[in-house]
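Everything on this sheet refers to the single structure shown next.
Whatever order the structure lists them in is the order used to number ligands and atoms, beginning at 1.
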Amino acid sequence: MTAKPVELTPNDWVQDRWVDLDSDPGFHRKEYSPVLLKYHDVLFSAGKTGKVFIPLCGKTLDLIYLADQGHEVIGLEYSKGAIERFYKENSLSYTTEKLADAPFVLYKTKEKNIKLYQGDLFDMKPQICGQFDASFDRGSFVAINLDDHKAYSDLMSSLVKPGGKILMESLSYKSATFGGPPHSISKDDLTHNFTAFKMSTLETFHTPAKPAMVVEGQKMVCDVVLLVRM
Ligand SMILES: C[S@@+](CC[C@H](N)C(=O)[O-])C[C@H]1O[C@@H](n2cnc3c(N)ncnc32)[C@H](O)[C@@H]1O
């Protein structure tokens, strides 16, 4: 038996995960993503730089890592508190601009090539932020509601340039009691949704899961996939 998937609105994330900004929201890493470190040169061939999108970025340190590799980094996050914590915890100054034609506040810093849009992912479009050479998705596709999968893949198809790449950490597990997020995603879910992309699996490994998440004896599987926009 599989648990019924839990659906969250962006405000639920703010009230549930980001209400106490001093506590761990449950997914933040205090180090760069090992997957990003390992596969950075697959996302950008060695020495090349470009414009990279981090959807649903929280306050991830991966923004810093990518900027330090010379990329133009654009993140998007609904929680204003998480964004402001990112700047504070990394000792970066920032300015804000409320966009006139779109429901976003744009955060910029002089010290790093990082811009963050505060707002709902599903209001984003290429006319606002342009298109990207690459995207790193850790905890995004697995976090959104299952009913939004098609809208997410359509959005990414419009934001990632032809030939551009998405590096994604996708999770799968069996649970009778835990309805996500993170949701369990199969390779079929990915190929079914990301029809504008070619998909290859770079690596599959088992990763520890919180006890509540998996049926006894089962482990959570992480598939590292590369999606290349056709
Ligand atoms: C699982 S966390 C992943 C955070 C980050 N990628 C990381 O690795 O730490 C998902 C994030 O998405 C944000 N979020 C959820 N729905 C959103 C939406 N519709 N638009 C923008 N942000 C959203 C949440 O506030 C949360 O910070």
* To do: For T49, enumerate each residue passing the side chain to side chain contact (heavy atoms under 4.5 Å, CB included) test, keeping only those at least two apart in sequence or located in another chain.
  =>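 Applying side chain to side chain contact (heavy atoms under 4.5 Å, CB included) to T49 gives H71.
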* To do: Quickly, which of V225, I166, V228 forms a side chain to side chain contact (heavy atoms under 4.5 Å, CB included) with F197? Name it, please.
  =>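 Only one option passes, and that is I166.
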* Asked: What about the rings of F194 and F141, do their centers lie closer together than 6.0 Å?
  ->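 Close enough - the centres of the two rings lie under 6.0 Å apart.
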* To do: Step through it carefully: locate the ring centre of W18, locate the ring centre of F27, and say whether they are under 6.0 Å apart.
  =>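 Between W18 and F27, the centre distance is under 6.0 Å.
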* To do: For the residue pair E84 and Y107, confirm or rule out a side-chain donor-acceptor distance under 3.5 Å.
  =>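 The answer is yes; a qualifying pair exists.
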* So do the side chains of H149 and I144 get within less than 4.5 Å of each other, counting heavy atoms only? ->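 Yes, at least one pair of side-chain atoms sits under 4.5 Å.
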Does ligand 1 have any N/O pairs with the protein under 3.5 Å, and how far apart?
from, atom 1, to, atom 2, distance (Å)
ligand 1, 6 (N), L56, O, 2.9
ligand 1, 6 (N), R138, O, 2.8
ligand 1, 8 (O), R138, NH1, 2.7
ligand 1, 9 (O), R138, NH1, 3.3
ligand 1, 19 (N), D120, OD1, 3.0
ligand 1, 20 (N), L121, N, 2.9
ligand 1, 22 (N), Y78, N, 3.1
ligand 1, 25 (O), W18, NE1, 3.2
ligand 1, 25 (O), E77, OE2, 2.6
ligand 1, 27 (O), W18, NE1, 2.9
ligand 1, 27 (O), E77, OE1, 2.7
ligand 1, 27 (O), E77, OE2, 3.3

